[in-house]
Amino acid sequence: MRHVLLAALLFQRQREITDTLVELLNSTVHRINARAEKKVTEAFVAEFTKVRGKSGLLGKIAAASLGAPDGSVRSVVFPAAGGEKTLKDLVAEMKATNAEFARSKREVFKSSYSNHYRSGLMKLLGVLDFRSSNDQHKPVMDALKLIERHKDSSTTYLPLGETIPLEGVVRKDRMEFAIFTPDKGPKRVMRTVYEACVFQALRDRLRCKEIWVVGADKWRNPDDDLPGDFEVRRAEYYEKLNKPREAKVFTAQLQAEIRAELGALDTKLPKPPWVTISGKHRNGAIKFTEPEPEPKNLRKLKKAIRKKWGTVALIDILKEAALRTGYSRPSPRSARGRRRGEAPGTTRPAAI
């Protein structure tokens with residue numbers, strides 16, 4: 001009996017440790033990408049200041065230069081341009097539209113994936129066994145094997161002879177950072193940037209359980225979430241859950257429940273004067289006239305949702321609600337109102 005209890009304890013402890021390692025990987029990747037986003041945005045905003053009236057500005061510089069050909073740049077060109085800062089802004093704008101600024105952004109992104117983070121992630125990659133039951137995610141699995149093969153490499157680029165999965169691995173807005181196009185020769189894939197993109201793709205799929213980890217509990221194979229005899233006793237389990245087996249019946253019940261809850265929300269939701277809902281707003285239907293502090297219970301709400309629904313993104317929950325209920329589509333009443341000239345925002349609960 002002691003041996004059995006010890007084995008059960010070790011088994012459970014192993015699963016807890018594996019879960020902790022997966023969560024460490026997810027948090028580290030999130031930190032890397034958040035840092036990269038911030039640095040790239042700050043660099044872009046700091047350098048990219050549009051200079052208006054460039055044609056007239058160049059004309060003034062040319063006239064001043066011809067008027068005093070022997071003068072210095074500081075005494076002739078700077079005053080004609082409106083100051084040194086104007087010329088710096090002009091250079092920064094030009095850099096923002098050519099390959100030089102693209103290279104600088106690539107360096108900013110690469111720097112966020114430092115040797116410290118990389119070393120830890122590679123160790124986690126060596127001890128965690130990732131699997132997927134869906135061939136759609138094979139590019140990410142192949143990419144993991146690729147970066148593990150070259151984990152000890154110190155080269156700038158991945159080898160030309162390797163098959164490097166890009167589609168489904170590197171986000172479109174990261175392609176310019178990951179791929180370097182030289183003046184001559186084939187395109188090359190930046191090794192460290194590609195590794196960071198692969199870990200981001202891994203994190204996204206882990207959170208949806210599209211990729212799972214052997215020996216984990218929370219991050220286990222989603223097929224293990226069902227009883228082993230589920231296929232044989234499917235009807236019995238559905239009866240115990242009080243759920244219909246027909247998909248259309250199930251979704252109809254779910255739609256009715258969500259509509260009822262949205263209606264209750266719309267009825268009880270306060271109508272503050274600092275928010276208006278109207279289709280006339282240029283940047284969206286909802287407009288806030290004054291900023292509001294973060295609600296005190298928002299963090300508690302997020303924690304409660306995460307506890308019940310796990311790591312499913314809130315935007316995915318909202319999307320599913322929109323697809324199942326159709327509440328984001330205008331109601332017939334709102335269409336009639338628009339024909340009469342009424343504001344679309346008068347509808348409920350579609351406006352919510």
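All values below come from the heavy atoms of this structure, side chains included, with hydrogens, waters and symmetry mates left out.
- A distance of 13.5 Å separates CZ of Arg13 from CG of Leu6, quoted to the nearest 0.5 Å.
- Note: the hydrophobic cluster containing Trp212 does not contain Leu202 (ILVMFWY, side chain heavy atoms under 4.5 Å, direct or indirect links).
- Ring orientation note: the planes of Tyr238 and Phe230 are tilted relative to one another, at an angle of 30° to 60°.
- Under the 4.5 Å side-chain contact rule for hydrophobic residues, Val127 and Ile17 share a cluster.
- The stretch residues 183-206 participates, sequence neighbours left out, in no ring pair (Phe, Tyr, Trp, His ring centres under 6.0 Å) pair at all.
- The cluster map of Ile, Leu, Val, Met, Phe, Trp and Tyr, joined by side-chain heavy atoms under 4.5 Å apart, puts Val214 and Leu144 in different clusters.
- Taking 4.0 Å as the cut-off between side-chain N and carboxylate O, Lys145 and Glu148 do not count as a salt-bridged pair.
- For Arg245, there are no side-chain hydrogen bond (donor to acceptor under 3.5 Å, both in side chains) partners, not counting sequence neighbours.
- Using modelled atom types, no side-chain atom of Arg15 and backbone atom of Phe11 make a donor-acceptor pair closer than 3.5 Å.
- Residues Lys209 and Asp225 approach most closely at NZ-OD2, 3.4 Å, considering heavy atoms.
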Only pairs under 3.5 Å count here: list side-chain donor-acceptor contacts from residues 158-167, not counting sequence neighbours, and write none if there are none.
from   : atom 1 : to     : atom 2 : distance (Å)
Glu162 : OE1    : Arg149 : NH2    : 3.0
Glu162 : OE2    : His150 : NE2    : 2.8

Name each donor-acceptor pair under 3.5 Å that joins a side chain in residues 21-30 to protein atoms two or more places apart or in another chain, with its distance.
from  : atom 1 : to    : atom 2 : distance (Å)
Ser27 : OG     : Glu23 : O      : 3.2
Ser27 : OG     : Leu24 : O      : 3.0
Thr28 : OG1    : Leu24 : O      : 2.8

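- Ion pair Arg220/Asp217 flagged as a salt bridge, since at least one NZ, NE, NH1 or NH2 atom sits closer than 4.0 Å to an Asp/Glu carboxylate oxygen.
- Considering only residues two or more places apart in sequence or on other chains, Asp129 meets the side-chain hydrogen bond (donor to acceptor under 3.5 Å, both in side chains) condition with Arg131.
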Contacts under 3.5 angstrom, residues 69-84 side chains, donor-acceptor by atom type, not counting sequence neighbours:
from  : atom 1 : to    : atom 2 : distance (Å)
Ser72 : OG     : Ser75 : N      : 3.2
Ser72 : OG     : Ser75 : OG     : 2.7
Ser75 : OG     : Ser72 : N      : 3.3
Ser75 : OG     : Ser72 : O      : 3.2

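- No donor-acceptor pair under 3.5 Å is formed between the side chain of Lys151 and the backbone N or O of Arg118.
- In this structure, Lys138 pairs ionically with Asp142, as a charged nitrogen and a carboxylate oxygen lie closer than 4.0 Å.
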